[in-house]
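Okay, so here's the structure we're looking at.
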Amino acid sequence: MPKTPHIEQHFTASETVRDVVIGMSDGLTVPFALAAGLTGAITQTHLIVTAGFAEIAAGSIAMGLGGYLAARGDAEHYAHEKIREENEIVKMPEAETQEVRDIFQSYGLSAEECATVVSSLRKRPKDWVTFMMRFELGLEEPNPARAWKSALTIACAYIVGGIIPLSAYLLLSDAHRALRLSVVVTLMALAVFGGIKGHFTGVPILRSAFQTTLIGGLAAAAAFGIARWIS
């Protein structure tokens, strides 16, 4: 009988999804909360729109810069640890060899079964270092282009998310009517975004949609209440 080929389907763009989630969730929530808060204090929609777009510009730059620095920090940390591992396999190879044995034995391999693999790794220093980085330290080598890609992804996702709650204020001149429309549009966007996020991350879609919508709604409600109380 012919065998059906085994094809594994794994999602491998987790870093990009994480960046989109970070940018989009903040982009939907922060300008939404700002616009709701300002509506509690003022009625001129043009002022709310001006403040909203100023916040989107500043927020996207800040979030993008944060993503860039985080990715650069990961790359620098990996490079530092790699140099240390390269020195250790030269200066104290027996201690590093025992660490390899310990790793394999933690997976249930016997000392005899470990010996062949350990001997092979000792003959290939580069592979030995890569093995220690991955299995001892739990570190994967970062993509050199990761920092800029992360910055641009987060910043663009923030801009797209931020425009959604402000769109109502661009269409309507009455701030309170615009707020009501913004609430509906933004909560729908949060629900859709949460569902999509759940689909890619493996979280139940309805639960992810509910959590994302709840957090965004609470943030806007808090900002609106504080602004109304102050005014």
Side-chain angles (χ1 to χ4, degrees), residues 7-40 45 48-49 51-68 70-71 74 140 146 149-172 174-229:
I7 301 174
E8 294 190 7
Q9 295 181 346
H10 296 287
F11 184 67
T12 58
S14 59
E15 290 182 338
T16 300
V17 170
R18 183 190 64 187
D19 291 339
V20 171
V21 167
I22 291 172
M24 184 70 77
S25 58
D26 276 15
L28 282 167
T29 303
V30 178
F32 182 27
L34 173 65
L38 290 175
T39 304
T45 56
I48 297 173
V49 170
F53 275 105
E55 196 287 324
I56 290 174
S60 61
I61 293 171
M63 293 289 293
L65 180 60
Y68 175 83
D74 290 343
E140 296 284 350
R146 169 71 185 145
K149 183 179 178 182
S150 177
L152 291 174
T153 302
I154 292 175
C156 291
Y158 190 97
I159 292 170
V160 171
I163 290 174
I164 292 173
L166 289 181
S167 60
Y169 292 89
L170 292 171
L171 297 173
L172 301 174
D174 182 82
H176 291 282
R177 287 180 58 206
L179 174 61
R180 288 192 289 271
L181 178 59
S182 179
V183 168
V184 174
V185 171
T186 305
L187 292 181
M188 289 176 59
L190 284 166
V192 171
F193 169 67
I196 294 173
K197 180 183 70 173
H199 171 73
F200 282 111
T201 58
V203 177
I205 292 176
L206 291 179
R207 188 176 77 184
S208 178
F210 175 75
Q211 290 175 341
T212 305
T213 305
L214 179 64
I215 292 171
L218 288 176
F224 179 80
I226 291 171
R228 176 61 64 89
W229 176 68

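Rounded to the nearest 0.5 angstrom, I154 CD1 and M24 CE are separated by 12.5 Å. Taking CG of L187 as the start and CG of L214 as the end, the distance is 10.0 Å to the nearest 0.5 Å. Distance OG1/T45 to CG/L172: 8.5 Å, rounded to 0.5 Å. If you take CD1 on I164 and OG on S167, they are separated by 7.5 Å, rounding to the nearest 0.5 Å. Here R177 contributes atom CZ and L171 contributes atom CG; the two are 10.5 Å apart, rounded to the nearest 0.5 Å.
Listed by first and then second residue, the side chain to side chain donor-acceptor pair (under 3.5 Å) pairs involving residues 178-189 amount to none (not counting sequence neighbours).
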Report, one line per pair, each donor and acceptor closer than 3.5 Å where one atom sits in a side chain of residues 54-66; sequence neighbours left out.
{"residue": "E55", "atom": "OE1", "partner": "Y158", "partner atom": "OH", "Å": "3.1"}
{"residue": "E55", "atom": "OE2", "partner": "Y158", "partner atom": "OH", "Å": "2.7"}
{"residue": "S60", "atom": "OG", "partner": "I56", "partner atom": "O", "Å": "2.9"}
{"residue": "S60", "atom": "OG", "partner": "A57", "partner atom": "O", "Å": "3.0"}

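Residues L179 and Y169 are in side-chain contact: their nearest non-hydrogen atoms beyond the backbone lie under 4.5 Å apart. The shortest side-chain heavy-atom distance between K149 and D19 does not fall under the 4.5 Å cut-off.
When all heavy atoms are compared, the tightest approach of A209 to A191 is CB-O, 3.3 Å. The minimum heavy-atom distance between G52 and L34, with the atom names listed, is CA-CD2, 4.1 Å. The heavy-atom pair separating V49 from L166 by the smallest distance is O-CD1, 4.5 Å. For the residue pair I48 and A175, the shortest heavy atom distance occurs at CD1-CB, 4.0 Å. Of all non-hydrogen atoms in T212 and L190, the two that sit nearest each other are CG2-O, 3.6 Å. Of all the heavy atoms in P31 and D26, the pair that sits closest is CD-O, 3.5 Å.
The main-chain N or O of S150 is never found under 3.5 Å from a side-chain atom of T153 such that the two would form a donor-acceptor pair.
The local environment of CG in L206 is sparse, with at most 12 non-hydrogen atoms from other residues, nucleotides or ligands closer than 6.0 Å.
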Practice item. Report the C-alpha distance between F32 and V185 in whole Å, list the side-chain angles of each, state the deciding distance to 0.1 Å, and finish with yes or no for side-chain contact (heavy atoms from CB on, under 4.5 Å). Key: CA-CA 10 Å; F32 182 27; V185 171; over 6 Å; no
Point to revise | Steps toward side-chain contact (heavy atoms from CB on, under 4.5 Å) verdict (V21, F193) | key: CA-CA 9 Å; V21 167; F193 169 67; 4.2 Å; yes
